[in-house]
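This one's a predicted model, so the numbers in the text were calculated from it and none came from an experiment. Because only heavy atoms are used, hydrogens play no part in the values below, and waters and symmetry mates are left out as well, while side chains stay in.
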Amino acid sequence: GFRDEGDEEEKSECAEPISLSPDTEREMASYTCLNRKTRHQKMRALREKRRQKAENAAAERLDQALSTVLKVQQATKAKELLQHEENATKRHLTVTDEEIRAGTL
């Protein structure tokens, strides 16, 4: 819309765009001459979009961290199993914590 549309409260002055990322700056430049109500609606939508991106990035980082933890646990379990098998071939009697808890030995 034009700056002279709407009632006196909705009129706004064109503001100079502030220094932001190129994408955000382009998006913000289109908001600077809108009436107050429309500008606030668009800014809320932009904030929601940024919040959603941040939330998705955080979820992805958490997934990566949990994946790393799982890989470490699997490697530890594989190492224990390999050590147990090596000791069995040497005829050593070994008992794991799980076997003790289960009462198998």
Side-chain angles (χ1 to χ4, degrees):
F2 295 103
R3 282 188 281 160
D4 58 350
E5 287 181 349
D7 60 355
E8 200 60 38
E9 291 178 14
E10 291 186 35
K11 291 181 183 177
S12 66
E13 293 295 320
C14 280
E16 300 244 347
I18 56 176
S19 178
L20 299 168
S21 70
D23 291 335
T24 305
E25 191 169 323
R26 274 194 301 275
E27 212 165 326
M28 292 286 293
S30 67
Y31 301 150
T32 56
C33 292
L34 297 173
N35 68 38
R36 181 178 286 167
K37 183 177 180 181
T38 305
R39 185 173 63 240
H40 285 288
Q41 288 172 344
K42 289 189 179 265
M43 292 304 292
R44 269 194 296 275
L46 179 62
R47 264 188 247 117
E48 177 62 24
K49 183 178 167 183
R50 279 185 291 191
R51 186 197 61 78
Q52 189 65 38
K53 279 184 181 179
E55 192 175 291
N56 290 343
E60 189 174 316
R61 286 190 306 271
L62 179 63
D63 286 346
Q64 289 174 348
L66 291 176
S67 176
T68 302
V69 168
L70 180 61
K71 288 177 184 177
V72 169
Q73 288 175 341
Q74 289 173 338
T76 303
K77 184 68 177 173
K79 182 179 176 183
E80 287 176 2
L81 182 59
L82 182 63
Q83 188 175 9
H84 185 69
E85 289 175 357
E86 286 176 356
N87 287 335
T89 58
K90 295 178 186 176
R91 300 191 187 270
H92 295 176
L93 182 59
T94 58
V95 180
T96 64
D97 291 339
E98 291 175 0
E99 291 172 332
I100 293 170
R101 277 188 240 119
T104 56
L105 292 176

Engineer: Measure the spacing between OG1 of T38 and NZ of K42 and express it to the nearest 0.5 Å.
Structural biologist: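 Here the interatomic distance stands at 7.5 Å.
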Engineer: List, one per line, each side-chain donor-acceptor pair under 3.5 Å for residues 59-69, sequence neighbours excluded.
Structural biologist:
{"unit_1": "T68", "atom_1": "OG1", "unit_2": "Q64", "atom_2": "O", "d": "3.0"}

Engineer: Start with the C-alpha distance between R44 and E48, add both sets of side-chain angles, then the distance that settles side-chain contact (heavy atoms from CB on, under 4.5 Å), and finish with yes or no.
Structural biologist: CA-CA 6 Å; R44 269 194 296 275; E48 177 62 24; over 6 Å; no
Engineer: Begin with the C-alpha distance, continue with both residues' side-chain angles, and end with the deciding distance and a verdict on side-chain contact (heavy atoms from CB on, under 4.5 Å) for E80 and K77.
Structural biologist: CA-CA 5 Å; E80 287 176 2; K77 184 68 177 173; 4.3 Å; yes
Engineer: From Q73 CD over to T76 OG1, what is the distance, rounded to the nearest 0.5 angstrom?
Structural biologist: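 One finds 7.5 Å between CD of Q73 and OG1 of T76.
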Engineer: Does a side-chain N-to-carboxylate-O contact under 4.0 Å join R51 and E55?
Structural biologist: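 Yes, R51 and E55 are salt-bridged.
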